[in-house]
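To start, the structure itself, in structure tokens.
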Amino acid sequence: PPAPSWADSVACMMQGARVAELRDADGATEVSSLVCSSSSRLVAVGHQDGKVRLWERDSLAMRVALDGHRASVAALSFSDDGTLLASGAFDTDIIVWDVVAEAGLYRLRGHKDAVTAVAFIPGGGTGGRLVSASKDSLIKVRASRGSRPTLAPRPNCLPSPSLHFTLPFAACASSHA
């Protein structure tokens with residue numbers, strides 16, 4: 001019989017029945033994060049071994065295992081067009097992956113503790129922003145397209161308890177609903 005589709009899996013989960021398991025050959029590591037792309041028909045799964053595995057939503061087949069983190073992957077986010085994937089981990093790094101080429105584009109450093117959230121915010125005339133949050137109590141906003149992002153903070157953008165953003169967070173929130 002054909003493999004169940006992702007939609008079938010979701011429907012059966014609502015009924016409490018297990019339809020399929022997504023497990024690769026080295027599937028002994030625990031899952032620590034998961035995100036679905038709305039445009040590329042992929043599911044990214046972060047693992048405690050630091051790998052991110054990309055799965056096809058329709059066939060439930062693993063496409064590739066991306067190896068780049070040294071600790072558990074805690075946060076994942078696809079860009080709106082599904083061509084980029086950001087992963088944040090307990091190793092304090094963020095890696096931006098090219099989903100089409102199945103390769104890392106660049107590693108972002110700067111957080112002092114585990115990265116707990118990453119999100120792409122579209123627009124702004126510069127191609128968008130990548131926002132990250134960490135257990136170091138900081139939220140960092142970086143360019144997500146074009147040239148390699150710089151990590152040096154601007155003097156007037158140092159994080160503080162009263163930090164306010166004027167970025168369109170509503171657009172980001174609605175795209176992940």
Side-chain angles (χ1 to χ4, degrees), residues 1-109 111 114-122 127-134 142 144-146 148-149 171-177:
S5 72
W6 190 262
D8 291 339
S9 298
V10 172
C12 289
M13 284 178 9
M14 293 171 61
Q15 297 170 358
R18 182 174 61 183
V19 173
E21 289 183 3
L22 304 178
R23 184 180 295 256
D24 63 348
D26 17 304
T29 181
E30 293 180 25
V31 171
S32 52
S33 56
L34 179 136
V35 67
C36 296
S37 169
S38 61
S39 59
S40 67
R41 309 201 53 79
L42 291 175
V43 177
V45 180
H47 291 265
Q48 286 193 343
D49 64 0
K51 291 182 182 173
V52 176
R53 291 168 175 87
L54 297 180
W55 296 83
E56 299 285 343
R57 279 197 307 207
D58 293 335
S59 68
L60 300 178
M62 191 180 77
R63 181 167 154 184
V64 66
L66 304 170
D67 192 0
H69 288 289
R70 299 176 311 278
S72 181
V73 177
L76 295 164
S77 179
F78 279 102
S79 61
D80 273 359
D81 64 4
T83 61
L84 298 178
L85 173 70
S87 60
F90 277 74
D91 61 7
T92 73
D93 291 347
I94 298 164
I95 299 176
V96 177
W97 304 92
D98 181 328
V99 174
V100 177
E102 300 177 351
L105 291 176
Y106 41 83
R107 178 181 304 270
L108 300 170
R109 294 194 165 115
H111 281 295
V115 176
T116 57
V118 292
F120 285 98
I121 298 176
R129 301 278 187 261
L130 177 63
V131 178
S132 61
S134 168
R142 300 176 173 107
S144 66
R145 297 258 184 206
R148 184 182 174 109
C172 179
S174 66
S175 69
H176 292 90

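Keep in mind that what you see is a predicted model, and the values were worked out from it rather than measured. The analysis underlying the following values was restricted to heavy atoms, covering all of them including side chains, and did not include hydrogens, waters or symmetry mates.
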For [X] versus [Y], what's the shortest heavy-atom pair and its separation?
| X | Y | value |
| --- | --- | --- |
| Ala74 | Phe90 | CB-CE1, 3.6 Å |
| His111 | Ser132 | NE2-OG, 2.8 Å |
| Ser77 | Ala119 | OG-CA, 3.6 Å |
| Arg57 | Ser37 | NH1-O, 2.7 Å |
| Arg107 | Gly68 | NH2-O, 2.8 Å |
| Val115 | Gly88 | CG1-CA, 3.7 Å |

Going by side-chain contact (heavy atoms from CB on, under 4.5 Å), [X] matches just one of [options]. Which one?
| X | options | result |
| --- | --- | --- |
| Leu108 | Leu130, Asp93, Val118 | Leu130 |
| Leu42 | Val35, Val99, Val64 | Val99 |
| Leu85 | Val96, Val52, Asp98 | Val52 |

Please check: side-chain N/O of [X] versus main-chain N/O of [Y], any donor-acceptor pairing under 3.5 Å?
| X | Y | result |
| --- | --- | --- |
| Ser33 | Leu76 | no |
| Ser134 | Ala114 | yes |
| Arg53 | His47 | no |

Open item on the list: Nearest 0.5 angstrom please: Ser87 OG to Ile95 CD1, how far?
Closed with: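 Result: 5.0 Å between the selected atoms.
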Open item on the list: Within this structure, what is the CD-CG distance for the pair Glu102 and Leu54, rounded to the nearest 0.5 Å?
Closed with: 7.0 Å
